[in-house]
Amino acid sequence: MPRRPFYVDTDTASDDAVALVIALRHPDIDVVGIGVVAGNVPLDMAVQNALYTRELVGRLDVPVHVGEATPLTIELETAQNVHGGDGMGDIGLDLTGRSADGDDAVGALLDASHRYAGELTLVTLGPLTNIARALERDPSLPERIQRTVVMGAVADHIGNVTPAAEFNMWADPHAVRAVLDSGLALEFVGWDISRKHAVVPPALADDLRSIGTPVADFCIGIQRVVEEFCATQTKLPGFDLPDPITMAYAIDPTIATETRRLHLEVETESELTRGMVVMDVLDFMGREPNALVVTEADNDAFIAMLRAAVAD
């Protein structure tokens with residue numbers, strides 16, 4: 001059976017890197033390109049982190065493309081307080097000196113959409129700036145992409161950067177609006193899914209690290225700063241992995257045990273709720289659903305996929 005083509009858009013930091021490992025090492029997936037966007041860290045750091053991850057898993061054949069350095073209209077605000085100054089836990093990795101394969105991630109996505117028209121799955125792990133720019137350049141893009149799986153938003157409206165907003169949506173809400181209005185076949189995996197179904201407590205982290213491979217050591221080690229943030233800010237019993245469970249769902253949709261088709265809109269202006277993706281659960285707006293939202297997931301299946309990705 002031929003491998004399924006995936007294009008991954010990422011603001012590569014500690015959880016993005018694990019998601020890339022899962023995709024790059026999965027036998028059923030052909031990652032045809034990686035686009036990088038500013039978000040968790042500034043663009044140059046995110047690019048180096050993606051290149052390091054690609055190199056670690058021996059996938060230099062997968063091209064990495066440089067994308068947008070700033071959101072559409074607002075200033076860039078990173079999440080280095082969550083992921084570390086280098087985005088990878090500040091554990092001393094050599095994250096300099098590598099060169100990307102292209103400097104036009106928007107064009108690379110459009111090219112992939114033509115090359116794999118009707119087959120391509122787009123997985124977004126960061127702010128949606130690159131995708132919004134691609135839609136500006138070619139509004140017909142949705143006609144060629146089979147699925148767009150977005151790590152973003154929260155179905156229970158409990159945020160991780162403000163009381164109401166999840167980081168990827170908050171970082172560039174104007175891009176979110178463009179994507180929601182685009183006609184893309186959207187599937188959202190929110191931070192609520194990570195918080196409920198993708199937390200790695202210390203005992204499990206130790207177990208995964210004890211597998212003893214360089215990849216396992218990397219995937220756990222780079223969560224060092226995230227683990228501290230989760231303990232003090234989000235009050236989780238370990239570190240959570242929002243991008244990896246999104247990738248796992250993109251690869252195997254049965255990881256979602258409950259989904260709902262809903263109409264989604266995003267707040268772009270409010271100081272209090274900027275980046276909040278409002279999900280019309282009771283159909284007050286009376287508008288057609290524009291996204292499939294994952295509302296529950298299978299933790300055991302996710303951990304099994306993660307374990308397989310780091311095992312050899």
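On a predicted model such as this, the values are computed, not experimentally measured, just so you know.
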Peer 1: Compare all side-chain heavy atoms of Val31 with those of Val8 and state whether any distance is below 4.5 angstrom.
Peer 2: yes
Peer 1: Treating Thr213 as the side-chain partner and Val310 as the backbone partner, does any N or O pair qualify as donor plus acceptor under 3.5 Å?
Peer 2: yes
Peer 1: Does Asp15 use its side chain to pair, donor to acceptor, with the backbone of Leu241 at less than 3.5 Å?
Peer 2: no
Peer 1: Give a yes or no on whether the backbone of Ala164 and the side-chain of Thr162 come within a donor-acceptor separation of less than 3.5 Å.
Peer 2: yes
Peer 1: Does atom CD (Glu288) have a neighbourhood of more than 12 heavy atoms from anything else shown, all under 6.0 Å?
Peer 2: no
Peer 1: Any non-hydrogen side-chain atom of Arg307 less than 4.5 Å from a side-chain atom of Phe302?
Peer 2: no
Peer 1: Do Asn49 and Asp16 have side-chain N/O donor and acceptor atoms under 3.5 Å apart?
Peer 2: no
Peer 1: Do Arg137 and Glu68 sit within salt-bridge range, that is, some charged N less than 4.0 Å from a carboxylate O?
Peer 2: no
Peer 1: Test salt bridge (charged side-chain N to carboxylate O under 4.0 Å, His left out) on Asp138 and Arg144; report intermediate values, then the result.
Peer 2: CA-CA 11 Å; Asp138 183 356; Arg144 299 186 300 277; 2.7 Å; yes
Peer 1: I want to check something: taking the side chain as every heavy atom from C-beta on, are Val123 and Asp9 in contact at a cut-off of under 4.5 Å?
Peer 2: no
Peer 1: Verify whether one side chain among Thr129 and Asp172 offers a donor that lies under 3.5 Å from an acceptor in the other.
Peer 2: yes
Peer 1: How many angstroms lie between atom CD of Glu187 and atom OG1 of Thr124, to the nearest 0.5 angstrom?
Peer 2: 11.0 Å
Peer 1: Is Lys196 paired with Asp240 through a side-chain N to carboxylate O contact shorter than 4.0 Å?
Peer 2: no
Peer 1: Sub-3.5 Å donor-acceptor pair from the side chain of Asp11 to the main-chain atoms of Val41, do we have one?
Peer 2: no
Peer 1: Within the 3.5 Å criterion, strictly below it, is a donor on Thr257 or Asp298 matched to an acceptor on the partner's side chain?
Peer 2: no
Peer 1: Judged by atom type as modelled, is there a donor-acceptor pair below 3.5 Å linking the side chain of Thr259 to the main-chain atoms of Val293?
Peer 2: no
Peer 1: Please walk me through it: do Arg274 and Glu77 pass salt bridge (charged side-chain N to carboxylate O under 4.0 Å, His left out)?
Peer 2: CA-CA 13 Å; Arg274 173 189 126 192; Glu77 296 183 69; 3.7 Å; yes
Peer 1: Any sub-3.5 Å donor-acceptor pair from Arg3's side-chain atoms to Ile29's backbone N or O?
Peer 2: yes
Peer 1: Less than 4.5 Å apart, any side-chain heavy atom of Leu186 and any of Leu292?
Peer 2: no
Peer 1: OG/Ser113 to CG/Leu141 distance, rounded to the nearest 0.5 angstrom?
Peer 2: 5.0 Å
Peer 1: Just by distance, do the side chain of His197 and the backbone of Ala297 share a donor-acceptor pair under 3.5 Å?
Peer 2: yes
Peer 1: Check the pair Cys219, Leu208 against side-chain contact (heavy atoms from CB on, under 4.5 Å), reporting the backbone distance first and the verdict last.
Peer 2: CA-CA 9 Å; Cys219 288; Leu208 290 168; over 6 Å; no
Peer 1: Using links of under 4.5 Å between side-chain heavy atoms of ILVMFWY residues, direct or through other members, which residues join Val161 in one cluster?
Peer 2: Phe167, Trp170
Peer 1: Look at the side-chain heavy atoms of Ile, Leu, Val, Met, Phe, Trp and Tyr, link any pair under 4.5 Å apart, and say whether Leu262 and Val278 land in one connected group.
Peer 2: no
Peer 1: Does atom CG of Asp103 have more than 12 heavy-atom neighbours from other groups under 6.0 Å away?
Peer 2: no
Peer 1: May I ask you to decide whether Arg209 forms a salt bridge with Asp207, counting only side-chain N to carboxylate O separations under 4.0 Å?
Peer 2: no
Peer 1: In chain order, what residues pass the salt bridge (Lys or Arg N to Asp or Glu O under 4.0 Å) check against Asp283, with sequence neighbours excluded?
Peer 2: none
Peer 1: For the atom pair CG (Asn40) and NE2 (His83), what is the distance rounded to the nearest 0.5 Å?
Peer 2: 3.5 Å
Peer 1: Within the side chain of Glu166, is there an N or O that forms a donor-acceptor pair under 3.5 Å with the backbone of Met169?
Peer 2: yes
Peer 1: Test Met88 against Phe218 for side-chain contact (heavy atoms from CB on, under 4.5 Å), laying out the working first.
Peer 2: CA-CA 9 Å; Met88 303 284 261; Phe218 167 77; 3.6 Å; yes
Peer 1: Verify the cluster assignment for Tyr116 and Val62: are they in a single hydrophobic cluster under the rule of side-chain heavy atoms below 4.5 Å apart?
Peer 2: no
Peer 1: Between Arg98 and Glu55, is there a salt bridge with N-O shorter than 4.0 Å?
Peer 2: yes
Peer 1: Is there a side-chain contact between Pro71 and Leu76 (heavy atoms, below 4.5 Å)?
Peer 2: yes
Peer 1: Quick one: do Glu265 and Arg287 make a salt bridge, cutoff under 4.0 Å?
Peer 2: yes
Peer 1: Indicate, with yes or no, if Leu51 and Met45 share a hydrophobic cluster defined by side-chain heavy-atom contacts under 4.5 Å among Ile, Leu, Val, Met, Phe, Trp and Tyr.
Peer 2: no
Peer 1: Let me know which of Val106, Asn130, Leu128 forms a side chain to side chain contact (heavy atoms under 4.5 Å, CB included) with Val37.
Peer 2: Asn130
Peer 1: Could you walk me through whether Asp300 and Ile303 pass the side-chain contact (heavy atoms from CB on, under 4.5 Å) check?
Peer 2: CA-CA 5 Å; Asp300 291 342; Ile303 295 300; 5.9 Å; no
Peer 1: Check whether Gln80 reaches the backbone of Gly87 with its side chain - one donor and one acceptor, N or O, closer than 3.5 Å.
Peer 2: no
Peer 1: Check whether Leu24 and Tyr52 end up in the same hydrophobic cluster, where Ile, Leu, Val, Met, Phe, Trp and Tyr are linked by side-chain heavy atoms less than 4.5 Å apart.
Peer 2: yes
Peer 1: Measure the CE-CE distance between Met247 and Met305 for me, rounded to the nearest 0.5 Å.
Peer 2: 10.0 Å
Peer 1: Test of understanding: clusters of I, L, V, M, F, W, Y form through side-chain heavy atoms closer than 4.5 Å, transitively. Do Val82 and Phe239 belong to the same one?
Peer 2: yes
Peer 1: For the atom pair CD (Glu269) and CD1 (Ile74), what is the distance rounded to the nearest 0.5 Å?
Peer 2: 9.5 Å
Peer 1: Are Asp101 and Arg54 within salt-bridge range, i.e. N to O under 4.0 Å?
Peer 2: yes
Peer 1: Output all residues satisfying ring pair (Phe, Tyr, Trp, His ring centres under 6.0 Å) with Phe229, sequence neighbours left out; order by chain, then residue number.
Peer 2: none
Peer 1: Working to the nearest 0.5 Å, report the span between CG of Asn81 and OG1 of Thr78.
Peer 2: 7.0 Å
Peer 1: Decide yes or no on side-chain contact (heavy atoms from CB on, under 4.5 Å) for Leu120 and Arg4, but give the supporting numbers first.
Peer 2: CA-CA 7 Å; Leu120 188 65; Arg4 291 174 284 154; over 6 Å; no
Peer 1: Is the NZ or CZ atom of Arg147 both under 6.0 Å from the centre of the six-membered ring of Tyr249 and within 45° of that ring's axis?
Peer 2: yes
Peer 1: Examine distances only and state if a side-chain atom of Asp243 and a backbone atom of Ala19 form a donor-acceptor pair shorter than 3.5 Å.
Peer 2: no
Peer 1: Out of the candidates Thr10, Val149, Val150, only one should pair with Leu125 under the side chain to side chain contact (heavy atoms under 4.5 Å, CB included) rule; please name it.
Peer 2: Thr10
